[in-house]
Participant: 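What follows is a structure written as structure tokens; I'll ask about it next.
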Amino acid sequence: VSQSRYGPSPLKQQVRGQFREANVIKNAIRNLQYEVELLGALKTDLSNQIDYYNSLIADPNMQTLSKYEIEDKIKAIQGKVSTIEKLIRAIKNAIAKSVQYLNEYLGIWKKADAKFNKFTEETGYQPLSPEQISELINSTDPADAEKLAQYPELSREFQTIQNDLLTAMD
């Protein structure tokens, strides 16, 4: 965000802060996706253990563990699988909500950027420094006089757009 396009620093600072927050969310989503992968691998491993214990129950030569001990192990593992499935669902839900938030946020920015673009394209407005205003005042060019006459109204319109954006970001 350039200062000349979006005005002085309050908006610029707000924009930077908002994009930092969006980046933090994006990184959290990436970490959560990795956690889902790890939990999925753990779930697969536990399912393989259940299959192994079921094969032990079916094996008539199994003498080391009783059928009931094996069934208890299977139930314990099934409880872990159930917990992992709940975690995966919760994490995927959090990811979906985070992505939805980022998409809404991006939508706000697209609208605001379109509004800024339209305003600047239609009016040619750029915030002026005190030195630039002084130059316009001292200029003998009629185009500069016209620009100076239009500047207060354009500046108010720009401020309104800027305030609307800041309100939407809060």
Side-chain angles (χ1 to χ4, degrees), residues 1-48 78-139 141-170:
V1 177
S2 69
Q3 186 164 345
S4 64
R5 180 167 175 217
Y6 290 108
S9 62
L11 179 61
K12 190 174 182 179
Q13 290 172 350
Q14 181 80 11
V15 168
R16 284 183 177 165
Q18 292 291 324
F19 278 104
R20 271 193 298 275
E21 289 178 27
N23 198 38
V24 167
I25 292 170
K26 186 182 78 168
N27 289 335
I29 289 171
R30 196 174 300 132
N31 291 337
L32 289 172
Q33 288 170 331
Y34 179 70
E35 289 296 321
V36 167
E37 288 177 29
L38 292 177
L39 289 170
L42 183 57
K43 179 184 169 192
T44 300
D45 181 53
L46 292 172
S47 296
N48 290 339
Q78 286 172 332
K80 291 177 184 179
V81 168
S82 176
T83 300
I84 289 172
E85 288 172 342
K86 288 176 187 174
L87 286 172
I88 288 172
R89 278 191 303 273
I91 291 171
K92 285 183 175 182
N93 186 34
I95 289 171
K97 286 181 179 180
S98 297
V99 168
Q100 179 184 0
Y101 168 79
L102 288 176
N103 285 334
E104 288 174 10
Y105 181 75
L106 185 58
I108 290 169
W109 273 105
K110 284 181 179 180
K111 279 176 80 174
D113 193 51
K115 198 171 186 179
F116 271 112
N117 285 337
K118 182 179 178 187
F119 178 77
T120 55
E121 286 173 11
E122 289 177 355
T123 64
Y125 176 81
Q126 286 187 340
L128 300 176
S129 68
E131 294 82 19
Q132 291 170 317
I133 293 172
S134 180
E135 288 175 14
L136 290 175
I137 290 171
N138 295 329
S139 175
D141 185 353
D144 287 344
E146 184 179 338
K147 184 176 183 179
L148 185 61
Q150 293 174 348
Y151 186 75
E153 180 59 32
L154 291 176
S155 185
R156 277 191 291 280
E157 287 180 48
F158 180 82
Q159 191 65 41
T160 300
I161 292 171
Q162 189 175 15
N163 290 339
D164 291 346
L165 177 59
L166 286 170
T167 301
M169 289 188 329
D170 290 339

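Positions are given from 1, in the same order as the sequence printed here.
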Participant: Less than 4.5 Å apart, any side-chain heavy atom of Gln132 and any of Ser129?
Facilitator: yes
Participant: Under 3.5 Å, side-chain donor or acceptor atoms of residues 30-44 against the rest of the protein: list the pairs with distances, not counting sequence neighbours.
Facilitator:
unit_1 : atom_1 : unit_2 : atom_2 : d
Arg30  : NH1    : Asn27  : OD1    : 3.1
Asn31  : ND2    : Asn27  : O      : 3.4
Lys43  : NZ     : Glu85  : OE2    : 3.1
Thr44  : OG1    : Gly40  : O      : 3.0

Participant: Excluding sequence neighbours, so at least two apart, what forms salt bridge (charged side-chain N to carboxylate O under 4.0 Å, His left out) with Lys115?
Facilitator: Asp164
Participant: Let me confirm one number: the CG-CG distance from Leu136 to Asp141, rounded to the nearest 0.5 Å.
Facilitator: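 Going from the CG atom of Leu136 to the CG atom of Asp141 covers 9.5 Å.
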Participant: Is a side-chain N or O of Thr83 found less than 3.5 angstrom from the main chain of Gly79, in a donor-acceptor match?
Facilitator: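 Yes, because the side chain of Thr83 sits within donor-acceptor range (under 3.5 Å) of the backbone of Gly79.
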Participant: For the CD1 atom of Ile95 and the CD1 atom of Ile29, what is their distance to the nearest 0.5 Å?
Facilitator: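 It is 7.0 Å, given to the nearest 0.5 Å.
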Participant: As an exercise, state the distance from CD1 of Ile84 to CG of Leu46, rounded to the nearest 0.5 Å.
Facilitator: 4.5 Å
Participant: Which atom pairs, one a donor and one an acceptor, fall under 3.5 Å between side chains of residues 148-158 and the rest of the protein, sequence neighbours left out?
Facilitator:
unit_1 : atom_1 : unit_2 : atom_2 : d
Gln150 : NE2    : Glu146 : OE2    : 3.3
Tyr151 : OH     : Leu128 : N      : 2.9
Glu153 : OE1    : Arg156 : NH2    : 3.1

Participant: Apply salt bridge (charged side-chain N to carboxylate O under 4.0 Å, His left out) to Glu21 and list each qualifying residue two or more places apart in sequence or on a separate chain.
Facilitator: none
Participant: I'd like to check the ring pair (Phe, Tyr, Trp, His ring centres under 6.0 Å) partners of Phe119; sequence neighbours left out, ordered by chain and number.
Facilitator: Tyr125
Participant: Does Ala28 have any side chain to side chain contact (heavy atoms under 4.5 Å, CB included) partners at least two apart in sequence or in another chain, and if so, which?
Facilitator: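 Ala28 satisfies side chain to side chain contact (heavy atoms under 4.5 Å, CB included) with no other residue.
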